[in-house]
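Okay, so here's the structure we're looking at.
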Amino acid sequence: MLPLPPGPPPLPIIGNLLDVPMKDMEVAYHDLNTKYGDVVYLDACGQSIIVLGTHEAASDLLEKRSSNYSDRLFSTMAELTGWNFLMGAFRYGPQWRRRRRLLHEHVHRNAVARYQKNQEHQALRYVRNVLETPHDYLNHGRHLFGALITRIAYGIDVDKSDVDYLGIAEEAMHNFSMMFQPGKHLVESFPILRFLPSFFPGAQFKRDAAKGYPVVRAMRDVPWAASKEAMGKLLPSMASGMLRRISQLAGEVAVEEEEYSKDALAAAFGGGADTMLSTLQCFYLAMASNPDVQERAHAELDAVIGSHRLPTLADKPNLPYLCAMVKECLRWRPVPPLGFLHASVDEDEYRGYRIPAGSAIVNIPWAYVHDEKVYPDPEPFRPERFLKDGKLDPDVQDPSAFVFGYGRRACPGRHFAEATIFVVISTVLQAFKIAPPLDEHGRPVDLLETVKMTVGVISYPEPFECTIKPRSPMIEALIRATSLKSNEEEDEN
Ligand code: HEM
């Protein structure tokens, strides 16, 4: 039999349980790779864990052998909390595939062009809001991504609705981040604990899960019910297409299709809103800390767009520096520092080692962005690393190859996310100059020193202030005029 990959020596019964990191997980896993090599083996009470220390190793298994590495481990907490409708939690199989296909149909590479007007419109609304209350740029950002996804998924304009759809979704997402803090719930490692009666002292997780359950289901059911009720009256959306298809089915098949459709759309909100918000926050942090980068971006916008209009997605091919900046935003502080766990189906062999069936496979975007061989001097925010002779350099590793995950489980919203981030950051840069706040002596605050990243499945910079000012009175007038025109255009649809 082939040997297992190297790793720390196991203890009797619990194996490497004490070596499995519970905090600073990406750094701790990376340390194991530094000590034992690219492919590390841990045994946590009988659960095999394989830690992949480089993008190359992750890509070899999770991408190139995707048919064997696209499973997920069963999550007791997903079941108890009601989050088991999320596509990302499904085991690899027909139930997952049905939901994935439904979403894919609306967000694949060629489909996303249809959302261009919505993306540009929401970017305009956003800069208009930031113009009025710049210190609220973060809340406006949360509203921007929530409103955009609710609009394209359900055809609902949250700004014209009496129901607080974003409040419902945000409460659910808060529940998600509370319930799925890495290492928080012992029941994830010992599923037997789920049989503890709720009133037992150690069963707080059961009481918390039950309390959050209605909040979680509301995120999935409330906007769908509104779309269904207003069938035909709301703006075209993913839901309207799905409802049309369901209306042609009957009986059990129609009921099933409706459940799959609800799940697929809720997964779009669950997967898309906070991840894009985190990227926007990193962008502000990078801009406020790197005036030279911001100046180069402004110069490109001035040369290509001028000062009489705002950029659109059609300008993308002519804005290579902005394109490089999107890549650097995704690379610099990867949204999930630790990738989502995959699981293997069958036993496999890799680099002469045995990978047991049912292993949990860890990928670590945080380590891959810091790989000096791939990204020399990785710490500074430098869009230039992706450019050669003024064009995107195809020889530099695109971080999208790993920050959006791998293989058949790779993020289905990737193309939508990249286009949205492009249009939002180029509109913000056309509109504003972003600077760090000043301390009590009038000196710029070093945000890179003071702003830490949060811990969790999705990592954000801790909230921070920055100074956001219109680049000129002309730009300010342009934002107000264009924004109004765009609102009128949408109302005519
Ligand atoms: C910057 C933005 C985003 C980032 C960094 C991101 C990242 C990720 C990652 C790392 C995964 C796990 C992939 C894996 O298991 O290998 C994932 C899965 C997923 N993402 Fe995204 N995502 C983003 C935006 C979006 C958007 C806009 C949507 C929806 C329109 C979305 C929907 C999903 C869904 C449904 C899954 C689960 C896929 C599955 O398990 O089959 N994401 N995303």
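No hydrogens, no waters, no symmetry mates; every other heavy atom, side chains included, goes into these values. For reference, positions follow the sequence shown, starting with 1. Counting starts at 1 for both ligands and their atoms, in listed order.
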Show me a pair-per-line table, with atom names and distances to 0.1 Å, of protein N or O atoms that are under 3.5 Å from an N or O of ligand 1.
residue: ligand 1; atom: 15 (O); partner: R72; partner atom: NH1; Å: 2.9
residue: ligand 1; atom: 15 (O); partner: R72; partner atom: NH2; Å: 2.9
residue: ligand 1; atom: 15 (O); partner: H342; partner atom: NE2; Å: 3.2
residue: ligand 1; atom: 16 (O); partner: H342; partner atom: NE2; Å: 2.7
residue: ligand 1; atom: 16 (O); partner: Y406; partner atom: N; Å: 3.0
residue: ligand 1; atom: 40 (O); partner: R72; partner atom: NH2; Å: 3.0
residue: ligand 1; atom: 40 (O); partner: R409; partner atom: NE; Å: 2.9
residue: ligand 1; atom: 40 (O); partner: R409; partner atom: NH2; Å: 3.2
residue: ligand 1; atom: 41 (O); partner: W96; partner atom: NE1; Å: 2.8
residue: ligand 1; atom: 41 (O); partner: R100; partner atom: NH1; Å: 2.8
residue: ligand 1; atom: 41 (O); partner: R409; partner atom: NE; Å: 3.3
residue: ligand 1; atom: 42 (N); partner: G271; partner atom: O; Å: 3.3

In residues 52-59, what donor-acceptor pairs under 3.5 Å come from side-chain atoms, sequence neighbours left out?
residue: T54; atom: OG1; partner: D38; partner atom: OD2; Å: 3.1
residue: T54; atom: OG1; partner: A57; partner atom: N; Å: 3.2
residue: H55; atom: ND1; partner: Y406; partner atom: OH; Å: 2.8

request  = Answer with yes or no after comparing the ring centroid distance for W224 and Y154 against a 6.0 Å cut-off, counting only values under it.
outcome  = no
remark   = The residue among Q95, R97, R101 that forms side-chain contact (heavy atoms from CB on, under 4.5 Å) with R99 is Q95
ask   = If we only count heavy atoms from C-beta on, is the T420 to F145 side-chain gap below 4.5 Å?
value = yes
message = Strictly below 4.0 Å, N to O, side chains only: are D157 and R125 in salt-bridge contact?
response = yes
query = Is the side chain of E63 donor-acceptor paired with the backbone N or O of G407 at a distance under 3.5 Å, no angle test?
reply = yes
